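Dropping the structure in here first, questions after.
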Amino acid sequence: MSVQQENIKSSEEIYKKISKFVPDVEWKIHQPLIEKINKLKKEKNAIILAHNYQTPEIYHGVADIAADSLALAVEASKTKADKIIMCGVHFMAETAKLMSPNKKVFLPDMKAGCSLSTSITGEDVRMLKQKYPGVPVVSYVNTSADVKAETDVCCTSANAVKVVESLNVDKVIFLPDQYLADYVSKNTKVKIISWKGTCIVHERFSAKEIEDIKKQNPGIKVIAHPECPPDVIKASDFTGSTSGMINYVKDKQPKKVMLVTECSMSDNVEADNPNVSFIKPCNLCPYMKKIDLKKILDCLENETNEILLDDKTIEAARKSVIRMTEIGR
Ligand code: 13P
Ligand code: SF4
């Protein structure tokens with residue numbers, strides 16, 4: 001699921017929405033950049049896609065679409081824009097390039113990586129395929145194009161179980177997140193062969209932290225991302241992808257909620273749900289936070305940081321992503 005941001009809001013409207021999270025002194029720096037970006041993206045027929053973990057001035061200020069990683073991949077394939085600016089991390093921009101190889105895709109900072117993506121290489125996958133001949137490979141979209149090129153089908157946290165079951169086999173190699181693999185194995189009869197990757201943001205939450213918050217806030221709903229460790233998921237009331245979490249809050253309007261995930265998401269969701277009170281554990285993704293308005297403007301003005309992939313990699317990696325989007329959520 002993606003959130004289509006209202007088209008070109010005035011600066012006043014944007015600030016009204018995010019003033020609780022962006023101090024006035026910072027807004028004075030953001031405002032002229034937001035105005036320039038929103039003007040230039042139209043002139044250059046560019047679309048700004050943003051992940052739900054981007055900061056409020058990006059999510060509410062300049063994004064055309066804000067979404068989870070599955071919807072970002074789908075939107076990248078559907079857009080009529082000539083250029084895509086991906087406000088997220090490297091694997092998201094690469095995935096957009098795989099979905100739309102003829103478009104120019106930019107990532108405002110090439111150092112915006114991901115601990116899951118760097119936990120495994122194409123060579124590692126080839127080694128696993130030799131060890132488990134004939135067993136299909138399902139890779140989390142949080143992987144490099146080289147890994148995707150060795151993959152049968154990708155998945156995201158929004159459709160991991162559905163993707164695994166779509167293969168109609170009794171065993172799959174599931175890469176690289178050991179906690180997402182554990183979550184999937186608890187929700188399917190298919191045997192899961194996992195890897196040892198983790199997300200540095202979600203692995204830091206603990207069940208004790210959640211139990212303490214629940215004691216201090218009776219009635220609070222705790223919702224967790226499936227990249228969290230198993231005991232954290234067990235202690236939570238709901239588990240879902242970032243968009244699954246957003247929809248939970250939007251639809252159920254709990255009095256008080258805690259999103260067990262990256263910091264900025266609570267701010268972004270709170271801005272859209274003013275009647276819900278948020279308890280905010282703050283684990284920041286240092287990679288997502290590499291993206292800022294100045295770098296986005298630089299992409300638009302100077303076409304810096306274009307994602308380039310050779311044709312062979314595109315051809316091999318594209319199939320696994322397309323297959324994922326065809327399965328849907
Ligand atoms: P989603 O697919 O749920 O948006 O998650 C992406 C991600 O990187 C979470 O850490
Ligand atoms: Fe990667 Fe975790 Fe950051 Fe998502 S939050 S980009 S999985 S390091």
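What you see is a predicted model, and the numbers here were worked out from it, not measured in a lab. In what follows, residues are counted from 1 in the order of the sequence shown. Atoms within each ligand, like the ligands themselves, are counted from 1 in listed order.
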- [ ] State if H51 counts as touching ligand 1 under the rule of any non-hydrogen atom under 4.0 Å.
- [x]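 For ligand 1, residue contact (heavy atoms, under 4.0 Å) with H51 is present.
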Task: Under-4.0 Å heavy-atom contact with ligand 1, by part of N52 that carries it - done: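 None of N52 does.
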- [ ] Give yes or no for whether the N/O distance cutoff of 3.5 Å, strictly under, is met between S157 and ligand 1.
- [x]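 Such a contact does occur with ligand 1.
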Open item on the list: Polar contacts were defined as any N/O atom of the residue lying under 3.5 Å from an N/O atom of the ligand; does this apply to T156 and ligand 1?
Closed with: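 Among all N and O atoms of T156, none is under 3.5 Å from an N or O of ligand 1.
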Open item on the list: So which atom in M86 and which in A96 form the shortest heavy-atom distance, rounded to 0.1 Å?
Closed with: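 It is CE-CB, 3.9 Å.
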Task: Partner of E262 under side chain to side chain donor-acceptor pair (under 3.5 Å), chosen from H202, K289, H51 - done: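 Answer to the side chain to side chain donor-acceptor pair (under 3.5 Å) test with E262 among H202, K289, H51: K289.
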Open item on the list: For ligand 1 and E227, I'd like to know whether there is a polar contact (N/O to N/O, distance under 3.5 Å).
Closed with: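 Yes: some nitrogen or oxygen of E227 is under 3.5 Å from one in ligand 1.
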- [ ] Of all the heavy-atom pairs spanning A112 and I291, show the shortest one and how long it is.
- [x]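 Minimum heavy-atom separation between A112 and I291: CB-CD1, 4.1 Å.
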Open item on the list: So, with waters excluded, how many protein N/O/S atoms does atom 3 (Fe) of ligand 2 have closer than 2.8 Å?
Closed with: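 N, O or S atoms of the protein closer than 2.8 Å: 1.
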Open item on the list: Give me each pair satisfying salt bridge (charged side-chain N to carboxylate O under 4.0 Å, His left out) with a member in residues 125-153, each pair once, sequence neighbours excluded.
Closed with: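 As it turns out, the salt bridge (charged side-chain N to carboxylate O under 4.0 Å, His left out) pairs with a partner in residues 125-153, which skip direct neighbours, are E123-R126, R126-E150, K129-E150.
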TODO: Quickly, which of N217, V222, V257 forms a side-chain contact (heavy atoms from CB on, under 4.5 Å) with I279? Name it, please.
DONE: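 Considering N217, V222, V257, a side-chain contact (heavy atoms from CB on, under 4.5 Å) with I279 is found only for N217.
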Task: Within-cut-off N or O pair, S243 and ligand 1, under 3.5 Å - done: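 Min N/O separation from ligand 1 is not below 3.5 Å for S243.
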